[in-house]
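Right, one structure below, let's go through it.
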Amino acid sequence: MAEIREVVQLGHPLLRTQAQYVENVQEQRIQNLVDDLIATVGQANGVGIAAPQVAECCRLFIVASRPNLRYPYAPTMEPTAMINPKILAHSTEAVKGWEGCLSIPGIRGLVPRYQIVEVEYSDRNGKLQKQELTDFVARIFQHELDHLDGIVFLDRME
Ligand SMILES: O=C(O)C[C@@H](Cc1ccccc1)C(=O)SCC(=O)c1ccccc1
Ligand SMILES: [Zn+2]
C-alpha cells in the first residue's frame, strides 16, 4: 500500500492526464529554447536574438543589452526572455541609430526607432510584465519584435 501512496503523492508522470503531459512537454520545449537562445546570443556577442533567427516559429526573443563600441553607455542587463511581446504605446519621434543583425553579418545601418516604448510580455516564468524601455534597450526590443514579423533592419533604413 505504501508503494501506491508514494506514487500518488509524487504525482507519478504516468498518473498525469494526457493534457498535463503535453503541457509539460511544451513548457520544457520553451525553457530549452530560451536557454539555447541565451547561450547563442552570448556566443555571438549579440545584444538580442529572436526565435525565427534559429528557425523556431514562435513569438519569443531575448534582449541582452550591454555596453559596446557604438553604444558605450548601454545598460548591462541579465539576458531577458520576452514571450508574446507587444508595444502598448510609444513616443512620437523616431531617432536614427546604428544597428547590425546576426542574420546579416558584416552590414551596419542607421535605422529610425522610437526612443521610448511601453511594452508588455510574459517572462520565462509566465509572469506578465509591463515596462517602459528607452534608448538602446528600446531599440533592441523593436529590432527583435520586427524579426517576429519577418522584418529586418534593412527594410527600415531610409
Ligand atoms: O540580429 C539580432 O537580433 C541581434 C542584433 C541586435 C541589435 C543590434 C543593434 C541594435 C539593435 C538590435 C545584434 O546584436 S547585432 C551585433 C551587435 O552586437 C551590435 C551591433 C550594433 C550595435 C550594437 C551591437
Ligand atoms: Zn537582427
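As the structure lists them, so they are numbered: ligands from 1, and atoms in each ligand from 1.
Under the 4.0 angstrom criterion for non-hydrogen atoms, Arg113 is not in contact with ligand 1.
Using a 4.0 Å cut-off between charged nitrogen and carboxylate oxygen, Arg113 and Asp135 do not count as a salt-bridge pair. For Arg156 and Glu99, the salt-bridge test fails: no basic side-chain N is under 4.0 Å from an acidic carboxylate O.
Distances between N or O atoms of Asn45 and those of ligand 1 include at least one value under 3.5 Å. Considering both main-chain and side-chain atoms, Gly100 never comes within under 3.5 Å of ligand 1 through any nitrogen or oxygen pair. Residue contacts with ligand 1: Leu102 is placed with a nitrogen or oxygen under 3.5 Å of a nitrogen or oxygen of the ligand (distance criterion only).
The option from Gln53, Glu144, Arg108, Glu99 that lies nearest to atom 19 (C) of ligand 1, judged by heavy atoms, is Arg108. Atom 2 (C) of ligand 1 has its nearest heavy-atom neighbour, among Gln142, Arg70, His143, in His143.
Atom 14 (O) of ligand 1 has as its closest protein heavy atom Val47 N, 2.8 Å.
Around the Zn ion (ligand 2), the angle linking Cys101 (SG) with His143 (NE2) is 130°, rounded to 10 degrees.
Of all atoms in ligand 1, listed by their number and element, those nearer than 4.0 Å to a heavy atom of Arg66 are 18 (O). Atoms of ligand 1 lying under 4.0 Å from at least one heavy atom of Gly48, given by number and element, are 2 (C), 3 (O), 4 (C), 14 (O). The contact set between ligand 1 and Cys101, taken as ligand atoms under 4.0 Å from a residue heavy atom, comprises 1 (O), 15 (S).
Considering all non-hydrogen atoms of both residues, Ala74 and Phe136 come closest at CB-CD2, 3.3 Å. When all heavy atoms of Arg59 and Leu148 are compared, the pair lying nearest together is NH1-O, 3.4 Å.
Residues Glu118 and His90 have side chains that never bring a donor and an acceptor to within less than 3.5 angstrom of each other.
The shortest side-chain heavy-atom distance between Tyr121 and Lys86 does not fall under the 4.5 Å cut-off.
The part of Asn68 lying near ligand 1 is the side chain, judged by heavy-atom distances below 4.0 Å.
Between the side chain of Asn68 and the main chain of Arg66, a donor-acceptor pair closer than 3.5 Å is present.
Taking the six-membered ring where the residue is Trp, the centroids of Phe61 and Phe141 are separated by under 6.0 Å.
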